[in-house]
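Each remark here refers to the structure printed beneath this line.
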Amino acid sequence: MSEYVTLNNGLKMPLVGLGCWKIPNDVCAQQVYDAIKIGYRLFDGAEDYGNEKEVGEGIRKAIADGVVKREDLFVVSKLWNSYHHPDHVKLALKRTLSDMGLEYLDLYYMHFPIAFKFVPFEEKYPPGFYTGAEDEKNGHISEADVPLIDTWRAMESCVDEGLTKSIGISNFNGGLVQDLLRQCRIKPAALQIEHHPYLTQENLVEYCQGKGIQIVAYSSFGPQSYLEMGSDLAKNTPNLFHHDTINQIANNHRVSPSEVLLRWATQRGVAIIPKSSKKERLETNLKIDSKLTLTHKELEAISKLNKNIRMNDPWDWLDGKFPIFA
């Protein structure tokens, strides 16, 4: 079992969870069920991942079989860009709960600080970059004129109604976090960001930790997460698993490079959500905190690998040119 962190609302969240991004639908339910039996309690999903029914199936089977109770789990989803209008936020969350067969979430993120044109569920779900047939034909994304604070206030109402225990933000830069904190009634419990040795975002991490916002890392292995997506940037970025610094530290501790990368994050108070289909790797990831402790010098050496290389940048989305990180 992994360690827990206490969020700013008092809720305890596992420091290590299972990321559900890119888990194939045909094996997703079983992988979630197996992960629960191994000891996983946090499952990080999203409307956009297109596998929430299967994630929910695995969770409900584990509950029905007496492996866990619902209150033992920390279930996460994310509001997709198409549902930022206050009229659609609760609808989207209720769709997630319906798909998963659950009564509430533990954490609901705003997936990106970007508002797309609304797409009705019956037209396409999840819509991804689709904002209408004409846009799809032209490779275009239509935006909606919705301020982030309006979306956030609708998310706050979802907390009031008990649909989710916590709300958070994802892929926000420091200025957007600061602006939200000036206006919000319920402070974000967590900020999920791309975070690995090539993109350490140390100022953002320090700022949010100082404000009591838990940092959660995705793509902890850097380019590895994007190779199968055909990313040219990922192909041209040195593999962290083969980096001399990472390998030297791994050899010092007789562990794998992946363990070094994960422990570098958790030892600095950053939660992680790595994905794996291999039981042995899942078990190793879950026990990373008790198995490995890096020295201060090793932590610094890894952080110095930063190159500000961002794999997930909305500036590259079709013709959208969304300047979140510009």
Side-chain angles (χ1 to χ4, degrees), residues 1-20 35-36 39-46 55-56 59 62-63 67-79 89-90 92-94 96-97 100 102-111 113 148-149 151-172 174 176-193 195 204-218 265-273 286-290:
M1 189 71 66
S2 73
E3 294 183 8
Y4 285 77
V5 294
T6 302
L7 303 179
N8 56 33
N9 60 1
L11 200 64
K12 291 190 177 297
M13 183 185 81
L15 192 61
V16 180
L18 181 69
C20 298
I36 292 174
Y40 278 83
R41 296 296 179 260
L42 187 155
F43 295 89
D44 182 272
V55 172
I59 289 173
I63 294 173
V67 181
V68 288
K69 298 177 181 178
R70 171 63 185 92
E71 55 267 31
D72 298 329
L73 300 176
F74 197 97
V75 184
V76 180
S77 185
K78 304 178 187 74
L79 176 77
V89 171
K90 185 164 69 171
L93 176 48
K94 284 189 170 182
T96 282
L97 293 174
M100 300 187 80
L102 301 176
E103 294 183 356
Y104 67 90
L105 295 177
D106 296 278
L107 176 58
Y108 193 47
Y109 289 108
M110 191 187 308
H111 206 151
L148 292 175
I149 188 59
T151 305
W152 187 254
R153 285 174 178 151
M155 293 175 68
E156 290 176 329
S157 295
C158 290
V159 176
D160 296 338
E161 294 185 35
L163 298 174
T164 183
K165 291 186 175 183
S166 313
I167 47 178
I169 48 181
S170 180
N171 299 299
F172 272 51
L176 292 178
V177 176
Q178 187 178 53
D179 188 61
L180 182 61
L181 287 175
R182 288 176 177 143
Q183 305 175 76
C184 65
R185 175 170 58 87
I186 299 176
K187 183 188 290 188
L191 168 64
Q192 187 171 121
I193 56 172
H195 179 268
L204 179 60
V205 171
E206 180 181 341
Y207 176 76
C208 288
Q209 289 178 337
K211 295 295 183 180
I213 301 172
Q214 176 63 44
I215 296 293
V216 180
Y218 71 81
T266 63
Q267 204 167 318
R268 293 159 60 249
V270 175
I272 54 173
I273 47 170
L286 192 62
K287 299 173 182 176
I288 192 69
D289 296 312
S290 59

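Side chains are part of it too, since the values below use all heavy atoms of this structure and drop only hydrogens, waters and symmetry mates. Index from 1, following the sequence.
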Decide side chain to side chain contact (heavy atoms under 4.5 Å, CB included) for L15 and I272; before the verdict, give the C-alpha distance in whole Å, the side-chain angles of both, and the deciding distance to 0.1 Å.
-> CA-CA 6 Å; L15 192 61; I272 54 173; 5.9 Å; no
Could you tell me whether E103 atom CD has more than 12 heavy atoms of other residues or ligands within 6.0 Å of it?
-> no
Sequence neighbours left out, cut at 3.5 Å: what donor-acceptor pairs do the side chains of residues 204-217 make with other protein atoms?
| unit_1 | atom_1 | unit_2 | atom_2 | d |
| --- | --- | --- | --- | --- |
| Q209 | NE2 | R268 | O | 3.2 |
| Q214 | NE2 | G269 | O | 2.9 |

Sidechain-backbone polar pair: W152 side chain, R185 backbone, donor-acceptor under 3.5 Å = no
Applying salt bridge (charged side-chain N to carboxylate O under 4.0 Å, His left out) to R70 and not counting sequence neighbours gives D106
Rounding to 0.5 Å, atoms CD1 (I169) and CG (L191) come to a distance of 5.0 Å
Taking only residues two or more places apart in sequence, or in another chain, which ones meet D179 in a side-chain hydrogen bond (donor to acceptor under 3.5 Å, both in side chains)?
-> Q183
Nearest 0.5 Å please: distance from the CD1 atom of I167 over to the OG1 atom of T151.
-> 11.0 Å
Judged by atom type as modelled, is there a donor-acceptor pair below 3.5 Å linking the side chain of R41 to the main-chain atoms of I36?
-> yes
N9: side-chain hydrogen bond (donor to acceptor under 3.5 Å, both in side chains) partners, not counting sequence neighbours | S166
Minimum heavy-atom distance between A35 and L18, given as atom pair plus value = CB-CD2, 3.9 Å
Across all chains, not counting sequence neighbours, the side-chain hydrogen bond (donor to acceptor under 3.5 Å, both in side chains) partners of N171 are Y218
Pairwise distance OH(Y104) to NZ(K165) - rounded to 0.5 angstrom | 4.0 Å
Any chance you could measure Q192, atom CD, to I273, atom CD1, to the nearest 0.5 Å?
-> 4.0 Å
Inter-residue atom distance L97.CG - K90.NZ, 0.5 Å rounding | 12.0 Å
Sequence neighbours excluded, which residues qualify as side-chain contact (heavy atoms from CB on, under 4.5 Å) partners of K12?
-> Y4, T6
Of Y40, F43, F74, which meets side-chain contact (heavy atoms from CB on, under 4.5 Å) against P14?
-> F74
Atom pair CG (L73) and CD1 (I59), whose distance is rounded to the nearest 0.5 Å | 6.0 Å
List the steps, then state whether side chain to side chain contact (heavy atoms under 4.5 Å, CB included) holds for M110 with L148.
-> CA-CA 9 Å; M110 191 187 308; L148 292 175; 3.8 Å; yes
Report yes or no: does E156 contribute a side-chain atom to a donor-acceptor pair with the main-chain N or O of I186 at less than 3.5 Å?
-> yes
May I ask you to decide if G45's main-chain N or O and K78's side chain share a donor-acceptor pair within less than 3.5 Å?
-> yes
